[in-house]
Amino acid sequence: MKTNKGVRILKKGLFIAGLLVFLAFILFPIYWCLATSFKPSAEITSKEVTYWPAAFTFQNYVEAWMRSGFKIYFKNSLFISVFGVVFIVLLSVLTGYALDRFKFKGKNVFMLVLLCTQFIPGAMLITPIFIIFKNLGMLNSLFALVLVNTTFHFPFNSILMKGFVSGIDYTIEEAAQIDGCSRLGAIWHVLLPVLKPGIVTIAAYGFISCWNEFLFSFMFISKQNKLTLPVGLKNLVGEFSINYGQLAAGAIIAVVPTLILFSYVQKNLVGGLSSGAVKG
Amino acid sequence: MKTKTGVSRKDLMPYLFLLPAALFILAFLAYPLMTVFFYSVQSYDVTKLADKGFVGLENFKKLFADKIFYRSLSVSVKWVLTEVCSQLVLGMVLALLLDEKFKGRGIYRCVVFFPWAVSGVLTSMLWSLIYNENIGLLNSICKDLGLISKNMAWLGNMKTVFKATAVAEIWRGIPFFAITILAALQNIPSDLHEACVVDGATTMQEIFLVKIPMLKDTIILTTLLRAVWEFNNVDLIFTLTGGGPSYRTTTLTMYMTNMSVKNGNYGYGSTLAVMAFFILLIFAGVYLKLSGYGKGEA
């Protein structure tokens with residue numbers, strides 16, 4: 001019995017150690033960025049590294065927000081993300097619904113096409129898409145970014161949405177149709193309210209993807225007042241002397257909305273992925 | 001509701017639902033993809049516009065003689081293997097830990113999954129603050145531990161740059177595997193665990209002989225998806241190292257991006273893209289075939 005108890009304590013110890021190692025590794029970069037963002041620049045560049053700001057200041061945030069243009073970048077990122085979410089949700093509900101509820105010719109082919117889009121590197125299509133928007137006179141247009149983001153992110157979300165739709169019994173739509181609803185009416189009045197958790201999850205995924213998009217924004221937007229947050233951050237590094245305090249503050253500003261959204265949806269994350277994507 | 005043509009409105013409905021999706025795919029994926037194939041056999045270099053035009057397989061000949069192509073391909077292989085293997089192993093360990101019940105599991109899960117929502121650019125900003133030669137935390141810690149005596153430029157040094165970049169991407173990639181594997185673990189019926197306890201199986205036996213075989217299909221699919229994503233990864237490498245120093249972190253996708261975007265040689269860039277596309281396609285086919293996806297007890 002004695003060894004058994006010893007084994008159990010050892011196991012518990014290993015378990016807790018494992019948890020702590022992961023926690024430390026994940027939190028480490030975020031903590032360092034947060035600490036840096038509150039330090040005055042003299043303290044950041046001084047030879048003595050301080051693990052927590054000795055002279056606490058909000059100056060970096062004020063300067064990043066007011067002077068370095070993060071206020072504008074934030075607004076632009078919000079714009080493309082909100083409109084991106086609207087498009088992504090609309091397309092994935094339509095596509096996911098059709099793929100789950102209808103039987104029709106070409107269904108499997110369409111499904112395969114959606115899956116194959118996951119294999120296309122965005123970087124490969126930068127130049128041709130650039131040329132399309134140049135011909136349309138849409139360079140430096142935030143709406144062009146909305147279209148591109150929608151294209152790259154709706155296929156995966158449609159497959160997820162198909163999973164959410166199939167989790168809902170068709171009989172409730174049927175019942176509504178027997179009661180005199182049209183098919184579209186049944187979808188609108190009966191299905192969508194039940195589908196809400198799925199829609200919220202996909203909206204959150206979509207928002208995070210649009211918010212984080214870098215490459216296309218970097219290529220298509222050259223006007224300072226149209227830049228998005230990831231490009232704004234990258235540009236801070238490009239200058240001759242990097243202002244680390246502002247960089248850290250800007251990174252924290254960019255991460256806060258995703259943090260809020262993420263903590264809101266992360267409970268559905270495990271369930272959503274198991275019902276939708278992985279099991280197909 | 002038959003119309004004159006004999007096609008009922010009901011038959012058309014699914015196609016109407018898919019129409020917007022099809023339009024987006026055609027306009028911004030299929031058409032651009034076709035142009036990439038078209039330009040892969042053209043000379044199209046913004047610095048040599050006079051030579052613009054059809055060159056046949058000239059670009060492909062150039063590619064097969066291009067040392068940097070082979071070098072970047074080997075960096076890609078190394079990158080994908082490093083990333084997928086480390087993320088899978090660490091993600092699986094994390095998922096197994098999270099499958100147990102403990103106090104504060106909800107908030108712990110929320111914290112450790114968070115990097116999933118962080119962009120490549122942001123990840124590279126966070127880690128560049130750590131790796132920085134003058135203000136970085138890593139130098140300070142290593143000096144305190146007596147591992148180094150002089151500050152290192154982790155991202156400027158040929159010996160450390162690949163590892164440093166890889167760690168940053170691993171940080172961002174662990175949650176993806178942890179989330180998907182945890183989801184699959186929670187689908188395993190609990191009576192299997194009870195059966196293991198009754199039969200006196202150790203925890204390790206339960207993990208390796210019962211749980212992992214049941215995760216087979218999940219693991220095959222997630223590793224394939226992740227391999228493709230890591231192969232195509234540009235954001236993080238582009239912002240952290242730009243592919244340097246001296247091509248140490250130039251993956252095939254980075255090489256292609258730099259060729260089209262930085263050098264303006266769009267023709268040859270397209271050739272590289274076409275090559276990358278076929279490499280991925282063949283890889284995916286072979287991988288699914290060899291791994292026996294969809295077969296077996298799971």
Please report the interatomic distance CG(Leu33(B)) to CD1(Ile120(A)), rounded to the nearest 0.5 Å. 5.0 Å
Which one wins on heavy-atom pair count under 4.5 Å against chain B: Leu114(A), Thr117(A), Leu261(A), Thr127(A)? Thr127(A)
Specify the closest pair of heavy atoms between Ile208(A) and Ala117(B), including all atoms of both residues, with the distance to one decimal. CG2-O, 3.6 Å
Ala98(A) to Pro14(B) - nearest heavy-atom pair and separation: CB-O, 4.1 Å
With no hydrogens and no angle check, is any side-chain donor or acceptor of Asn232(B) less than 3.5 Å from a backbone partner on Ala123(A)? no
Rounding to 0.5 Å, atoms OG (Ser119(B)) and CG (Leu233(A)) come to a distance of 8.0 Å
May I ask you to name which of Leu229(A), Leu247(A), Leu147(A) has the most heavy-atom pairs under 4.5 Å with chain B? Leu147(A)
Minimum-distance pair of heavy atoms, taken over all atoms of Ile130(B) and Phe28(A): CD1-CE2, 3.6 Å
Quick check on Asn139(B) against chain A: is it the side chain, the backbone, both or neither that has a heavy atom closer than 4.5 Å? neither
Give, as side chain, backbone, both or neither, the part of Tyr108(B) having an atom under 4.5 angstrom from any heavy atom of chain A. side chain
Is there a side-chain contact between Leu125(A) and Leu29(B) in this structure, where contact means two heavy atoms from C-beta onward sitting under 4.5 Å apart? yes
Give, as side chain, backbone, both or neither, the part of Ile219(B) having an atom under 4.5 angstrom from any heavy atom of chain A. neither
Go through Ala27(B), Ala273(B), Cys110(B) and name the one with the most non-hydrogen pairs under 4.5 angstrom from chain A. Cys110(B)
Run the side-chain contact (heavy atoms from CB on, under 4.5 Å) check on Leu122(B) and Asn212(A) step by step: do they pass? CA-CA 8 Å; Leu122(B) 213 57; Asn212(A) 287 344; 5.8 Å; no
Relative to chain B, which of Ile26(A), Val231(A), Ile44(A) shows the most heavy atom pairs under 4.5 Å? Ile26(A)
Let me confirm one number: the OG-CH2 distance from Ser140(B) to Trp32(A), rounded to the nearest 0.5 Å. 6.5 Å
Report yes if the distance between the aromatic ring centroids of Phe218(A) and Phe238(B) is under 6.0 Å, otherwise no. yes
So which residue, Ile25(B), Ile107(B), Leu96(B), ends up with the most heavy-atom pairs under 4.5 Å with chain A? Ile25(B)
Which heavy-atom pair separates Phe22(A) from Leu90(B) by the least distance, and what is that distance? CZ-O, 3.3 Å
Check whether any side-chain heavy atom of Phe152(A) lies under 4.5 Å from a side-chain heavy atom of Phe28(B), and answer yes or no. no
Show, in sequence, the C-alpha distance, side-chain angles and deciding distance for Val167(B) and Phe25(A), and conclude whether the side-chain contact (heavy atoms from CB on, under 4.5 Å) test is met. CA-CA 10 Å; Val167(B) 168; Phe25(A) 179 57; 4.1 Å; yes
Would you say Pro128(A) and Tyr266(B) make side-chain contact, with heavy atoms under 4.5 Å? yes
Interatomic spacing from CZ in Phe102(A) to CG in Leu16(B) - rounded to 0.5 Å: 9.0 Å
Among the options Thr239(B), Leu97(B), Leu126(B), Val121(B), pick out the one with the most heavy-atom pairs lying under 4.5 Å from chain A. Leu97(B)
Minimum heavy-atom separation for Ala248(A) to Leu129(B), with atom names? CB-CD1, 3.9 Å
Please flag which part of Val148(A) lies under 4.5 Å from any non-hydrogen atom of chain B: side chain, backbone, both or neither. neither
Would you check, one step at a time, whether the test side-chain contact (heavy atoms from CB on, under 4.5 Å) holds for Ile126(A) with Val261(B)? CA-CA 8 Å; Ile126(A) 292 178; Val261(B) 170; 4.3 Å; yes
Measure Trp171(B) against the heavy atoms of chain A and call it side chain, backbone, both or neither at under 4.5 Å. both
Region of Val228(B) that comes under 4.5 Å of a non-hydrogen atom in chain A: side chain
Please rank Leu99(A), Leu90(A), Ile132(A) by heavy-atom pairs under 4.5 Å with chain B and give me the top one. Ile132(A)
Only pairs of heavy atoms separated by less than 4.5 Å count here; which of Thr123(B), Thr203(B), Val274(B) has the most with chain A? Thr203(B)
One option among Val118(B), Thr253(B), Leu272(B), Leu98(B) has the most heavy-atom pairs under 4.5 Å with chain A, and it is Val118(B)
Can you tell if the side chain of Leu27(A) reaches within under 4.5 Å of the side chain of Phe114(B), non-hydrogen atoms only? no
If I take atom OG from residue Ser260(B) and atom CZ from residue Phe130(A), how far apart are they, to the nearest 0.5 angstrom? 12.0 Å
Under 4.5 Å to a heavy atom of chain A? For Asn233(B) that would be neither
Please classify the contact of Leu91(A) with chain B as side chain, backbone, both or neither, using a heavy-atom distance under 4.5 Å. side chain
Cut-off 4.5 Å, heavy atoms of chain A, and the answer for Ala30(B) is neither
Around atom CZ of Phe102(B), are there more than 12 heavy atoms from other residues, nucleotides or ligands closer than 6.0 Å? yes
For Ile187(A), is it the side chain, the backbone, both, or neither that has a heavy atom closer than 4.5 Å to a heavy atom of chain B? side chain
Report the C-alpha separation of Tyr15(B) and Lys105(A) in whole Å, then their side-chain angles, then the decisive distance to 0.1 Å, and conclude whether the side-chain contact (heavy atoms from CB on, under 4.5 Å) test is met. CA-CA 9 Å; Tyr15(B) 298 106; Lys105(A) 240 189 191 162; 3.5 Å; yes
Out of curiosity, Thr95(A) OG1 to Phe24(B) CZ, how far, rounded to the nearest 0.5 Å? 10.5 Å
Side chain, backbone, both or neither: which part of Tyr264(A) has an atom under 4.5 Å from a heavy atom of chain B? neither
Which residues pass the side-chain hydrogen bond (donor to acceptor under 3.5 Å, both in side chains) test with Thr223(B), not counting sequence neighbours? Tyr287(B)
What I'd like to find out is whether the side chain of Leu94(A) reaches to under 4.5 Å of the side chain of Leu18(B), using heavy atoms alone. no
Contact class of Val112(B) relative to chain A, heavy atoms under 4.5 angstrom: both
Is the gap between the ring centers of Phe104(A) and Phe17(B) under 6.0 Å? no
Quick one: does Trp116(B)'s side chain get under 4.5 Å of Thr258(A)'s, heavy atoms only? no
